[in-house]
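First up is the structure itself, then whatever we jot down about it.
Every chain is numbered from 1 and lettered A, B, ... according to where its sequence line falls, protein lines coming before strand lines. This is a predicted model, so every value here is computed, not measured.
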Number of protein chains: 2
Amino acid sequence: MSSTADTPETSSPPLAREKSAASYTYDNLTGWKGVRILRIGRGMYHDVRRRLPYYWSDIREAWTYRTVASIIRMYFVNILPAIAYTLDMHRRTGQFYGINEALFSSALAAMVFSLLSVQPLTIVGITGLISLFNYTIYDIINIYEPSIYPQFMCWVGIWGAIFHWVVSLCNLCDYMRYVTDFSSESFGFYVGTIYISKGVEELISEFKNRGHTAGFMSCTIAILYFLTIYGLETIGSSTAWRPAFRGLLADYAYPLATIFWVGFSHFPGPLQTAEISRVPVSRAFYPTQPRGWLVQFWELDTKWVFVALPFGFLVMLLFYYDHNVSSLTAQARQFPLKKPAGFHWDFFLLGCTTFISGIVGIPFPNGLVPQAPVHTDSLTVYETDLRIIPTEEGEGAEIRRPIVKATAVVEQRVSHFVMGLAIIGTMTGPLLIVLHTMPSAVFAGVFFIVGWGSIGSNGIMQKVIYLILEDRFVQRDEPLLRVSNRKILLWIACQLITIATCVAISETIAAIGFPVLIIALIPFRVSIIPKWFTRDEIGVMDDMTANNKTVLASLGGPPRFPGETRSQDEYGLRRRYSERKEGVSRQRAGSIHR
Amino acid sequence: MSSTADTPETSSPPLAREKSAASYTYDNLTGWKGVRILRIGRGMYHDVRRRLPYYWSDIREAWTYRTVASIIRMYFVNILPAIAYTLDMHRRTGQFYGINEALFSSALAAMVFSLLSVQPLTIVGITGLISLFNYTIYDIINIYEPSIYPQFMCWVGIWGAIFHWVVSLCNLCDYMRYVTDFSSESFGFYVGTIYISKGVEELISEFKNRGHTAGFMSCTIAILYFLTIYGLETIGSSTAWRPAFRGLLADYAYPLATIFWVGFSHFPGPLQTAEISRVPVSRAFYPTQPRGWLVQFWELDTKWVFVALPFGFLVMLLFYYDHNVSSLTAQARQFPLKKPAGFHWDFFLLGCTTFISGIVGIPFPNGLVPQAPVHTDSLTVYETDLRIIPTEEGEGAEIRRPIVKATAVVEQRVSHFVMGLAIIGTMTGPLLIVLHTMPSAVFAGVFFIVGWGSIGSNGIMQKVIYLILEDRFVQRDEPLLRVSNRKILLWIACQLITIATCVAISETIAAIGFPVLIIALIPFRVSIIPKWFTRDEIGVMDDMTANNKTVLASLGGPPRFPGETRSQDEYGLRRRYSERKEGVSRQRAGSIHR
């Protein structure tokens, strides 16, 4: 009796999971069988075998309110930045990529990944980095032969796809298990910086293209849009009103703020006459340029086909990090996930979408930072519990504190799928016109709030705040107290120097090489960091980005850093301390992190 | 030996104070001697006698860093809103009052009150209410005979002065001891609302007069100015960096933000070409209108002289409340003041400045809310102490909290005096030109931040937040838990209805009558409130605005509410609770109040 009660209803075949989790490993294999890259397709096979039994439950368990809230939230959080980046790309790639391409790409990714991926929680779409990538290639191509840009991008996609397939077939995603907060925080910070600087650029272009009135009005709207969402999410994370009501405010912060400020920009009077720029739309379902959807890639000169090869490799490198880290953070430690991950299979799938995107001439989609963890967050059932800390001041003295607990995640495919349908809906004529009513200023606001969401709660920021705070008010059990301030500074400096370098080259033609820099953080962490910091210091400051067993199962088990024998439980002292004190941290702009 | 050590060096003649504090009372007097209004000048005499022995120490003790910080802070906090209100008055009184009049009035008030007043902490200057008063009279006069406005205002001042003198000679300021938080919070909230709405009006006038570009740019600057000061003051109230450094940030928040944003508005490019409006200045030391400084009041028709009488009475009524409440809040409970107050003498002095202002045709100055308490705050030496609360969770477990203590106030005349000198300096040609560089947008920002300073930390706001918060996270020893939510709502409703009425009539010609409404709150609190609320409820929700012995000495001792016999220590349970928990609250925009 008791053994059946222990089997949770949600996780259908626990035995199969246990078995498969154990079976994808190279630990006890010898000879060629132990050589990862020779075992073609082994990771993919295990990924599918591990997850397939859950497919039906991914649909059956979706019918909850959280799924509805998640669809609406993710529709806004996914599509608003995608459109925003497209506005930028549109200007900077000779109008090749437009709104229709962006929507097509987002819809394609959502359909493919919601239906076929192993981990449907990883939201896939258009990132700022691919936009940066696309216009940097445009800048390079423009020097030689502007007219070949579409075909060239197509070949970049084809080569990129081939590299994706090679990587996934050779089980190379396994190395993602070495990703710790050291590099994923840096990446998040870098992406956040790019977001915010894009927001500023959006406002500057408003001044340039639409005049000063439009420019200043856009600044005002962007700032107020930011403050609106920040305020709503802060209230959502507070203890105001009942949990259900404040939850609503946070769930619908994006729709509420977007509808309000878009409407605001249409008020008659100075607001309307300012003629700020709005989303440029073209005929529904047709490419922005007068062309068919299929790019005539066979017309490209062979020389250029091979020039596209290293660019394809860089696309793969970018996505190897970006997509897999998105997936890792979407399955990060704080989420009580039960269903297994599948990095190899999903990366193979990403090769397919890259291929299709190349062929039809749309931006290549990939996993979104920071939207992917926001998706999981929106599906997580949180409970704000009351913690009573008895104090020694008089009888019955106590301190009452809210503590946030993540009790469950609605793990399913429906939210991703319906969000994809909604994007397809947006591609139709009538809804394109709705899109056209949106001022660019709102997108600048989106950049600010999503960017800040990635920076404000970042571990780098937490360490900076710790360093700033006056020492005597720091709780004595704070683990960072065990590390000298000099060492904390060195740690942050390593991260910030990388970020600064990436941001700096993002402004130049060398931007094309930034994936190399970002990826270099992983071996740097594995081989250099242990020489500069003691085990205890690393234990306090660093943590596995995802240490859930079901996640590591797809990566061949937990990582082993050279020269270290301890278990991964020795990491993340800082995180565990803060979770013990205040509960898990949420993926929201107004979340409190101390 | 020990008795000399007990005598604090700062309070020179303690014996004289004790004696005088006891000697101004009507408690044990019988016959005509017990009738307050028959004892002409008794209050004034005791005020001077009580304070005069401290005069030399008011100068001698001023030479500290706090005085310097206070001078700079108060210069900005006093003069920026004064100029801002004058911009409004200038437009709405047919250009009669201009910057020169405002500066003259502020300088006159600062000189007279810093040198001659009993309580130099009460900053005197131009308030929003006198501006409202002046242009409402202009609207009324405009219906009949626009040309007589200067002479009419002069007579309003003369009558007002006479009523001031009558009130102070008849010891009527004594009734100010009945002012509790019930009415002073309402007044603060009302003033804050007026400030913020003036800020909005300033921005609207920018759209109307300077076009949309200037309008939107002004909005942007005003919002960012607000956020800058709010941010700096929040950091100043946090535990970031060392106390000395974060203190600097808060001390110089106004100068830093003002210099930055004024400079910002002058950047070449879109900012400069927006041509936002700046402070209009005229020839230094001359009236704005082509007239001499002396208003030819003898040329006014006798009929109008007597029409001015009720207006003069209303001015007195306004100042009776506004000036005395400013003074009370500048000497409020949280400040550890040692030197005695003097309401009668100061009100007499206010009559004199009103008279002079009338004669020379400048706005009548009076005590400033919320600047007066900000002055005392800027002179207060705060210490952020560490409180360790031992908890019962394991051995050595504890919670560390900052607790703010006000250890002393640098009670002196120099800050008020030097600030006055600085205003006189501002009246000179070169500095008027500096003033001319300031955009109106910055003033809108000043309105927002000063207004919010008066609303955000208001007791009404605190009760609203208490009602909003989810019940289970409220500490069990919170005194408000002893009052039913219905009763708290009723209490706030009484306050908010008064505020709403005042705000509503402020927009009409009936604005002239709002002092009557505000003053009516005092008898309402004394006679109606005790019928609706129990003693315990009042004890939790209300508090004496000032209960310092040295303050009450000037008002004939502590108040006695009809039918109540308890001591005033039974009031202010809520305030004492929060002070025990977090220390005293500061008069800053970013102060934390829970």
**Prompt:** At their closest point, which heavy atom of R400(A) faces which heavy atom of R472(B), and how far apart are they?
**Reply:** NH1-O, 2.8 Å
**Fill in**
With chain A, the option among L224(B), T239(B), D477(B), L386(B) that has the most non-hydrogen atom pairs under 4.5 Å is T239(B)
**Item:** Interface moiety of I221(B) toward chain A, non-hydrogen atoms closer than 4.5 Å
**Value:** neither
**Asked** After noting the C-alpha distance and the side-chain angles of M217(B) and H212(A), does the key distance pass the side chain to side chain contact (heavy atoms under 4.5 Å, CB included) rule?
**Response** CA-CA 9 Å; M217(B) 173 170 161; H212(A) 298 165; over 6 Å; no
**Test item: R401(B) and I399(A) side chains (from C-beta on) under 4.5 Å apart, heavy atoms** = yes
**Asked** Between the main-chain N or O of E398(A) and the side-chain N or O of R476(B), is there a donor-acceptor pair closer than 3.5 Å?
**Response** no
**Message:** Quick check for you: among A214(B), C219(B), G215(B), P243(B), which has the greatest number of heavy-atom pairs under 4.5 Å with chain A?
**Reply:** P243(B)
**Fill in**
Note: vs chain A, highest number of non-hydrogen pairs under 4.5 angstrom among L469(B), V474(B), I468(B) is I468(B)
**Message:** What part of I223(B) gets within 4.5 angstrom of chain A, counting heavy atoms only: side chain, backbone, both, or neither?
**Reply:** side chain
**Message:** Just so I know, are the side chains of D471(B) and R242(A) near enough to count as touching, which here means a heavy-atom distance under 4.5 Å?
**Reply:** no
**Item:** chain A contact via L227(B) - side chain, backbone, both or neither, heavy atoms under 4.5 Å
**Value:** side chain
**Request:** Examine whether an atom of S218(A) lies under 4.5 Å from a heavy atom of chain B, and if so say whether it belongs to the side chain, the backbone or both; otherwise answer neither.
**Result:** neither
**Asked** What distance do T384(B) atom OG1 and F473(A) atom CZ have between them, rounded to the nearest 0.5 Å?
**Response** 5.5 Å
**Message:** At a 4.5 Å cut-off on heavy atoms, which part of L467(A) comes close to chain B: side chain, backbone, both, or neither?
**Reply:** neither
